[in-house]
Each structure stands twice: as C-alpha cells, then as structure tokens.
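Just below is one structure, and these are the notes that go with it.
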Amino acid sequence: MLKGLLDLHNLLRWLILILLVVNIIKNFADTNKPFANIHKKLGLWLMICAHLTLVVGLVMLAMDLSSLADRSMIMSNDALRFKFVEHPIAMIIAIVLITIGKGVAKKNVSDLKKHRKSAVLYLIALVIILAMIPWATSSLMPGM
Ligand code: HEM
Ligand code: HEM
C-alpha cells in the first residue's frame, strides 16, 4: 500500500514539473492574447496533479508518522526533519501558490494580468518544488 502510494507520488512529480513548465511558457508567450480555454485547461490539469500529490503525501505522512517509534528524534535528525517537516511544509506552500495561480483566472482582472500573475506564481512554485524534491534519495522513476 505504502509502496504504491510512494510510486504514485514519485510519478506525479514529473506530471507537475512538466505541467508547470508548459503553463509558465504558455502564459508568458500569450500575455498579449486573450486568456482562453486552453490556459484554463492547462491550469486545471496542473491543479488536479498538485492536489492529488498533496493528498497522497498527507496519507503517506500520517502512515509513516504513526509507525515511527521515537518522534522526539524528528527535529534533531536531518533526514527525518526533511521528510516530516521541511518537504511537506515547502510543498504545501508551493501547492498553495499553484492554487492561487489557478484562481487568478476567475478574478475580475484583465487577461494580461491573469497571464502574468499565474505565470509568476507558477514560477515561484516551480523553484520551491525543484529545491525540495529529495533528488538524492529518490529514484527518478518508480522501480529504478
Ligand atoms: C487535502 C485535500 C485537498 C485540499 C485541502 C484541497 C483544496 C482546494 C482549494 C482550497 C481549492 C481552491 C478552491 C477555489 O478557490 O476555487 C481547490 C480547488 C480544486 N481542487 Fe482541491 N483540494 C484537495 C484535494 C483535491 C483532490 C484530491 C483533487 C483531484 C484529484 C482536487 C482537485 C481540485 C481542482 C480541479 C480544483 C480547481 C477547481 C476549479 O478552479 O475549477 N483537489 N482545492
Ligand atoms: C509538488 C508537490 C510534491 C512533490 C513534487 C513531491 C515529490 C516527492 C518525491 C519525488 C518523493 C520521493 C519519492 C520516492 O522516494 O520514490 C517524495 C517523498 C515524500 N513526500 Fe513528497 N512531494 C510533494 C508534496 C508532498 C506533500 C504536500 C507531502 C505531505 C504533506 C509529501 C510527503 C512526502 C513523503 C512523506 C515522502 C516520503 C519520503 C520518504 O519515504 O523518505 N510530499 N515527494
């Protein structure tokens, strides 16, 4: 169960990274064009992947936390602190930024502002996510 969740979480990373890059490029490239259905759809797919990753992450976190024998070690151990504190908090911040970025499309502002604001929020989220993925300890694909 946990392995399956970790594999799903691992794979969703790539979908989020690809969708972030595509959303950023598309919004920046189309700043002077109308905020159209394609921009909404791309944001929606990003949102679904980000929220799915959040739910899977929360479930894994709760399961791992409940099976951890000594929780007093979490803050003093670098690996445990990364897994239980730094990674989740940073990623939740990134997912909040993605959610706000997607929400911009519904605001009563010009299309230029919609493109710019969502692209900038997605860009900050991308930087946080790239920085906080456990590249050194995770495989690039499940099973590798
Ligand atoms: C811990 C669980 C979750 C939380 C706290 C959460 C939170 C939120 C929040 C705050 C919004 C923004 C609402 C708005 O301002 O319009 C939202 C929208 C959305 N969520 Fe989640 N969500 C969760 C799980 C999921 C899951 C599992 C999915 C799908 C796989 C999902 C898909 C979406 C989509 C597609 C939207 C955008 C709707 C739209 O703008 O049209 N969420 N969610
Ligand atoms: C954009 C959001 C996120 C991305 C891209 C991401 C990415 C990753 C990656 C690549 C791994 C390693 C997977 C592996 O070893 O196969 C991982 C592990 C993990 N993530 Fe996330 N994550 C995100 C959000 C979250 C959130 C919001 C939580 C919790 C609330 C979370 C909790 C965890 C946990 C508990 C692990 C397992 C660590 C371990 O076993 O060492 N993640 N994450």
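Just so it is clear, the model here is predicted, and its values are computed rather than measured. We count ligands from 1, going down the list as the structure has it; atoms in each ligand are counted the same way.
What you find for L17 and L126 is that their closest heavy atoms are CD2-CD1, 3.7 Å. In terms of heavy-atom proximity, W14 sits nearest to L140 at NE1-O, 2.6 Å. What you find for K83 and D64 is that their closest heavy atoms are NZ-OD2, 2.9 Å.
Atoms of ligand 1 found under 4.0 Å from any heavy atom of V55, numbered from 1 in the order shown, are 1 (C), 2 (C), 24 (C), 27 (C). Near I16, meaning under 4.0 Å from one of its heavy atoms, ligand 2 places the atoms 1 (C). Taking every non-hydrogen atom of K102 and a distance limit under 4.0 Å, the qualifying atoms of ligand 1 come out as 39 (C), 40 (O), 41 (O). Using a 4.0 Å cut-off to heavy atoms of L52, the atoms of ligand 1 that qualify are 30 (C). Taking a cut-off of under 4.0 Å to the non-hydrogen atoms of I129, the atoms of ligand 2 that pass are 1 (C), 5 (C). Residue T99 has at least one heavy-atom neighbour below 4.0 Å for each of these atoms of ligand 1: 11 (C), 12 (C). Near L54, with a cut-off below 4.0 Å to any heavy atom, the atoms of ligand 2 are 27 (C). For ligand 1, the atoms closer than 4.0 angstrom to any heavy atom of L44 are 35 (C). Residue K106 approaches ligand 1 through these ligand atoms, each under 4.0 Å from one of its heavy atoms: 16 (O), 39 (C), 40 (O), 41 (O). Counting the atoms of ligand 1 from 1 in the order shown, those under 4.0 Å from a heavy atom of M47 are 17 (C), 18 (C), 19 (C), 34 (C), 36 (C), 37 (C).
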Audit row: F82, T137, side-chain contact (heavy atoms from CB on, under 4.5 Å) steps and yes/no:
CA-CA 11 Å; F82 180 82; T137 53; 5.9 Å; no
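In this structure, the side chains of L5 and H9 stay at 4.5 Å or more apart for every pair of heavy atoms. No side-chain heavy atom of R13 sits less than 4.5 Å from a side-chain heavy atom of I16. Between I89 and M132, every side-chain heavy-atom pair lies at or beyond the 4.5 Å cut-off. Looking only at side-chain heavy atoms (C-beta outward), F35 and S110 stay at 4.5 Å or farther from each other. In this structure, the side chains of I92 and L54 come closer than 4.5 Å at one or more pairs of heavy atoms. Residues N32 and D111 form no side-chain contact, since every pair of their non-hydrogen atoms from C-beta on lies 4.5 Å or further apart. Two residues are said to be in side-chain contact when any heavy atoms from C-beta on lie closer than 4.5 Å; Y122 and L46 meet this criterion. Taking 4.5 Å as the limit, some side-chain heavy atom of I74 sits within range of a side-chain heavy atom of L68.
Counting heavy atoms only, I48 comes closest to atom 29 (C) of ligand 1 of the residues I100, I95, I48, L46.
At the top of the distance list for atom 13 (C) of ligand 2, counting protein heavy atoms only, stands L6 CD1, 3.7 Å. When hydrogens are left out, the protein atom nearest atom 16 (O) of ligand 2 is N10 ND2, 2.8 Å; that is the closest non-hydrogen contact. Protein heavy atom in closest approach to atom 30 (C) of ligand 2: L58 CD2, 3.5 Å. Nearest non-hydrogen protein atom to atom 12 (C) of ligand 2 is S138 CB, 3.3 Å. In this structure, atom 41 (O) of ligand 2 lies nearest to the protein heavy atom K83 CD, 3.6 Å.
T99 and H51 share a side-chain donor-acceptor pair at under 3.5 Å.
Rounding to the nearest 0.5 Å places CG of L58 at 13.0 Å from CE of M63.
By the criterion of a heavy-atom distance under 4.0 Å, neither the backbone nor the side chain of T137 is placed next to ligand 2.
No donor-acceptor distance shorter than 3.5 angstrom exists from the side chain of W45 to the backbone of L15, with no hydrogens or angles considered.
Atom 21 (Fe) of ligand 1 is closest to atom ND1 of H51 (considering only N, O or S atoms).
In terms of polar-atom proximity, S139 is not counted as a contact of ligand 2, lacking any N or O under 3.5 Å from an N or O of the ligand.
The set of protein atoms (N, O or S) found at less than 2.8 Å from atom 21 (Fe) of ligand 2 reads H9 NE2, H87 NE2, by chain and number.
Annotation: side chain to side chain donor-acceptor pair (under 3.5 Å) contacts involving residues 19-28, sequence neighbours excluded, comprise K26-D30, N27-H115.
Inside a 4.0 Å radius of atom 38 (C) of ligand 1 there is not any protein heavy atom.
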